[in-house]
There are 2 protein chains.
Amino acid sequence: MRVTIRDVAHAANVSISTVSRVLNDTCVVSEDKRLLVLEAAKNLNYRPNPAARSLLNKSTGGLGVLLPFVSGEFFSEFLGGIDEAAQKNDFFLMISTSHRHQDEFRAAMRAMDKRVDGLIIMAPELGAEDAASIPSLDEPVVFVNTNIDQRPFDVINFDNFGGAHALTRHLLELGHHRIAHIKGPADARDAQERTRGYRMAMAESGIEDVVALEFQGGFTQESGHAAANRILQMDPRPSAIMAANDYSAMGVLSALHEAGISVPKDVAVAGFDGLASGQFTVPPLTSVRVPVRELGSTAVMRLIDRLHGKLADTAPLRLDLPVELLIRESTSAKAVHGRTPAFE
Amino acid sequence: MRVTIRDVAHAANVSISTVSRVLNDTCVVSEDKRLLVLEAAKNLNYRPNPAARSLLNKSTGGLGVLLPFVSGEFFSEFLGGIDEAAQKNDFFLMISTSHRHQDEFRAAMRAMDKRVDGLIIMAPELGAEDAASIPSLDEPVVFVNTNIDQRPFDVINFDNFGGAHALTRHLLELGHHRIAHIKGPADARDAQERTRGYRMAMAESGIEDVVALEFQGGFTQESGHAAANRILQMDPRPSAIMAANDYSAMGVLSALHEAGISVPKDVAVAGFDGLASGQFTVPPLTSVRVPVRELGSTAVMRLIDRLHGKLADTAPLRLDLPVELLIRESTSAKAVHGRTPAFE
DNA sequence: CTGTTAGCGCCTTCAT
DNA sequence: ATGAAGGCGCTAACAG
C-alpha cells in the first residue's frame, strides 16, 4: 500500500486525473502523455487501490458465496461451477461457511456485507427468522438449494422431490415393498423434499405406515452407518434402503458389509446426489445425479444479470433444475440410464 | 442511498466522531450519548463500510487463497482446513484459481492485491519467472505444496519424496521388481518429488533403467486410465503400478478392471494423497496419506502470526509435513482379509 | 485535451 | 467529553 496515483502523476509530470484517465481508458489523452503515464506506472509497479475505487463506484467486483461447508464432494463441485463462471466474468470470490449454525451464518453475512456486489446463499436449513434478516442487505441475493417461499428472491433448487420419487419408484418396480428410508438433517429443506418424494411414491403404491420405515440420519457416512444398524434389527427386515444422500448410503454399504449382507442380493441400497465416488463403491451406488456444478454457474449468471440491471423488474426466478436417475449395481445388477420421469 | 455514519450522527444528535468512538469503543463517551448512538445505529441498520475503513487502516481483515482448482477432494479438504482456521480468527476468505495457467495465476494475484492482508499460494507448477513477480506484492505470502527454493518466503510442503520412497519400498518388499510409475504433470514440483522418491527406492534396490517403467500422467483419472493401457502392452508386464496420485490410480483400477486383470493378484496398484474415496474403490486403494487439512490450517496460522508482526525478523519457515503409508487391499490382500499375500 | 476541485465513508488528530 | 477538520486513494465533475 505504498505507491499511489499521486506518485505516478509526479513521475510522469502530469496531473493525477490524467493518470486516472489513461489507466481507465476513460477519455482521450494525447499519445505522448499516455505513454509517459504507462511507463511511470510500470516502473513504480503501481496498482490502484480497490478500496478507494469502490468507495466511489459503490461496486467491488466481487461475489460472495455463503454455504454450509467448503469440503465434501457436493460443495466442492458447487464451488467449481461458481468459480468457473465468476472467473469468466471477472468477478472475484469471497467464500464463507455457516456449518449450519445460525450464529456463523449471521457472522458470515455481516462479513460479506459491502465487500461484494451480490451474494449466493446455500442454506437448506434456513429458518424463517433468518430469512427475515436478509432484506437488510443492500446486495442482490440468489438462493440455491434453499427453500425461501415467501420472499422475493431468485431461488434455484434441484428437483429433490421428483428425484426421490423416481428413485423410490425404481425400487418399487424392482419388486421391493419394504423400503427403509434414511432421512437427512431434520431442518434441511432439501432433505425434507427427498423424504416427501419417498412418501409420495410409497403412498402411490398403496404402502401405508411408512413412518415405521423412516430413520433419522444426518447426511454423513457415520449417520448412515448407524441407521443401517438399526434397520438391520427390524423384523421383517427391509429389502431395500433409500438414503437421503450418497454419503449416508456409503455408510450403509459399510455397515452391510460388516454384517456380511450382500448388496443388492440381500438388500438393495440407493443414495442421492450422484457423487463421482459413487462409481467406486462396492458395489457401485445407484443414486440420483443432481447438477451441482450447473447449479453454481447458473446462480452466478443470474446474479450477474441482476447486477447489470438486466433483470430490474423481472419477477423473481424460481427454478428447479432437473435431476437424473443413475442406476448402478447397488440396486440392480443390470445398469440402466434414464432421465427423471416427468412428475410435475 | 446506503446509511452512513453521518446519518447515525444526525439521528442521535451527536457528531460523526462520537459515533465512530462509540462504535469502535475507542475512548470514553458519556453513557447517555453512547446509548443514543447505539440506538440510532440499530434503528437505521447501520453497517460501517469496510472499504472506507480499510482506506485508513490499510488492513482488510481478509486472507487470499490462490490454488490450482477448487474442486476435487484434495483442494476441497485443503480449503476446509483454511476455512476453519480463518473463521476462528475472524478473517474472511478470498479464493481464486489458476487452473495451472500462468495468465490466470497472474490475474488472480492482481485481483487479490490489496483486497486481503496476506496470501496463501498453492502453485506446484510455479516457475522461476512467476516466483520473481511475487515480491512485487505488499502482502506477506505463505506458499504451500510449492517449491520456492531461492526466495525468502514461508513454505510448507508435504514430504512427497519420503512418502513416495516409503510407498515404493512397500511394493519392493512385497516382492515386486517391475514397478511401473505413472508420473504427475511434468511441471508440478510435488509430482517431481514423488517421482524422485520412486527412483531413489528403485535405485537402492539395485534396479536400473527405471525410465522405461515411467509413464507420463496428469493427476487425473483419465490420464491414469490411458497410462495403464500403455503399461499393459509392455512385455514383460509390470507386476505393480505406482501412480503419482489417487485419481490416477483410480483410473488405473478402472482400466485394469476393463482388461479383466485382477488387483492385487495380477497387478498391485498404489496411489498417493490418501483421499477418503480411496476406501471405497474396488479394491480399496493403498496410498500415502498427506495431511491436506492440516496444511491449510497451518498455513493460515503462520500467515496470521506474520500479520501480527510476531515473526518480524524470524527466518522464513521451511516445513515438510510428515505423511503416512496407508496399506490397503490394492497392494496386499493381507491388509483387510488377514490372508497371506499371494506373492510369498 | 488537461489540470483543479470536490467528495466517497470513515478514523484521528486537533481544538474546545 | 465532544465537535470540527484533515486526509486515506481514487474518480468525476468542472473549468480552462
Side-chain angles (χ1 to χ4, degrees), chain A residues 1-41 44-62 110-111 113-117 137-139, chain B residues 1-41 44-62 110-111 113-117 137-139:
Chain A
M1 301 231 186
R2 276 205 350 271
V3 33
T4 78
I5 195 173
R6 180 161 287 138
D7 301 320
V8 179
H10 192 258
N13 263 321
V14 296
S15 73
I16 58 173
S17 17
T18 300
V19 176
S20 173
R21 284 191 269 257
V22 170
L23 265 33
N24 297 304
D25 201 29
T26 184
C27 51
V28 192
V29 176
S30 72
E31 190 60 15
D32 53 343
K33 291 204 188 257
R34 218 180 68 82
L35 292 175
L36 233 50
V37 168
L38 257 24
E39 172 91 9
L44 295 170
N45 185 28
Y46 169 67
R47 288 135 8 206
N49 185 328
R53 183 172 284 177
S54 66
L55 204 51
L56 285 296
N57 289 350
K58 296 183 58 178
S59 115
T60 63
R110 237 178 293 123
D113 180 43
K114 289 178 182 145
R115 285 194 232 260
V116 293
D117 298 337
L137 294 180
D138 304 314
E139 296 84 17
Chain B
M1 214 39 189
R2 297 175 178 187
V3 30
T4 78
I5 195 172
R6 181 161 287 136
D7 302 320
V8 179
H10 192 260
N13 264 320
V14 295
S15 73
I16 294 179
S17 9
T18 301
V19 177
S20 173
R21 283 191 269 256
V22 170
L23 265 32
N24 297 303
D25 202 30
T26 183
C27 52
V28 192
V29 176
S30 71
E31 190 59 15
D32 51 345
K33 294 205 186 253
R34 216 180 67 85
L35 292 175
L36 235 48
V37 169
L38 257 25
E39 172 92 8
L44 296 170
N45 185 28
Y46 169 67
R47 287 132 13 205
N49 185 329
R53 183 172 281 176
S54 68
L55 204 51
L56 284 295
N57 288 350
K58 304 178 71 166
S59 117
T60 64
R110 238 176 295 122
D113 180 42
K114 288 178 183 148
R115 286 194 231 261
V116 293
D117 298 337
L137 294 180
D138 304 314
E139 296 84 16

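Here the structure is a predicted model, which means the values were calculated and not measured.
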From the candidates C:dC10, C:dG3, D:dG3, the one with an atom nearest any side-chain atom of A:Val14 is C:dG3
What is the separation between atom CZ on B:Arg47 and atom P on C:dG9, rounded to the nearest whole Å? 13 Å
With a 4.5 Å limit on heavy-atom distance, are the side chains of B:Ile16 and B:Arg6 in contact? yes
Does the side chain of B:Glu31 reach to within under 4.5 Å of the side chain of B:Leu35, using non-hydrogen atoms? yes
Salt bridge (Lys or Arg N to Asp or Glu O under 4.0 Å) partners of A:Asp113, counting only residues at least two apart: B:Arg47
If you count every heavy atom of other residues, nucleotides or ligands that lies below 6.0 Å from A:Asp32 atom CG, does the total exceed 12? yes
Using a 4.0 Å heavy-atom cut-off to protein, can you give one letter per nucleotide of nucleotides 11-16 of chain D, 5' to 3': B if the base is in contact, S if only the sugar-phosphate is, - if neither? BBB---
Would you mind reading off the distance between A:Arg6 atom CZ and D:dC8 atom C1', rounded to a whole angstrom? 10 Å
Nearest-Å distance, CG (B:Asn49) to P (D:dC8)? 18 Å
Write down the distance between CG (A:Asp7) and P (D:dC10), rounded to a whole number of angstrom. 9 Å
B:Val14 side chain near B:Val19 side chain, heavy-atom distance below 4.5 Å: yes
A:Leu23: which of A:Val8, A:Ile5, A:Thr18, A:Leu38 passes side-chain contact (heavy atoms from CB on, under 4.5 Å): A:Leu38
Roughly how many Å is it from CG in B:Asp25 to P in C:dC10, rounded to a whole number? 18 Å
Side chain B:Arg115, main chain A:Thr60, donor-acceptor under 3.5 Å: yes
Distance check needed: C:dC1 P versus A:Asp32 CG, whole Å only. 11 Å
A:Asp138 and A:Lys58, any side-chain heavy atoms less than 4.5 Å apart: no
Go through the side-chain N and O atoms of B:Ser17 and B:Ser20 and say whether any donor and acceptor fall under 3.5 Å apart. no
Write down the distance between CG (A:Leu36) and P (C:dT2), rounded to a whole number of angstrom. 11 Å
If you compare every side-chain N and O of A:Lys58 against the phosphate oxygens of C:dG9 (OP1, OP2), does one of them come in below 4.0 Å? no
Take the C1' atoms of the five end pairs on each side of the helix from C:dC1-D:dG16 to C:dT16-D:dA1, derive the two axes, and give their angle rounded to 10 degrees. 50°
If you pin B:Val28 and B:Leu55 to their nearest nucleotides in DNA chain D, which one's is more 5'? B:Val28
Nearest-Å distance for atom pair CG/P, residues A:Asn13 and C:dC1: 20 Å
D:dT2 phosphate, OP1 or OP2: any side-chain N/O from B:Thr18 under 4.0 angstrom? no
Any side-chain N or O of A:Thr4 under 4.0 Å from OP1/OP2 of D:dC8? no
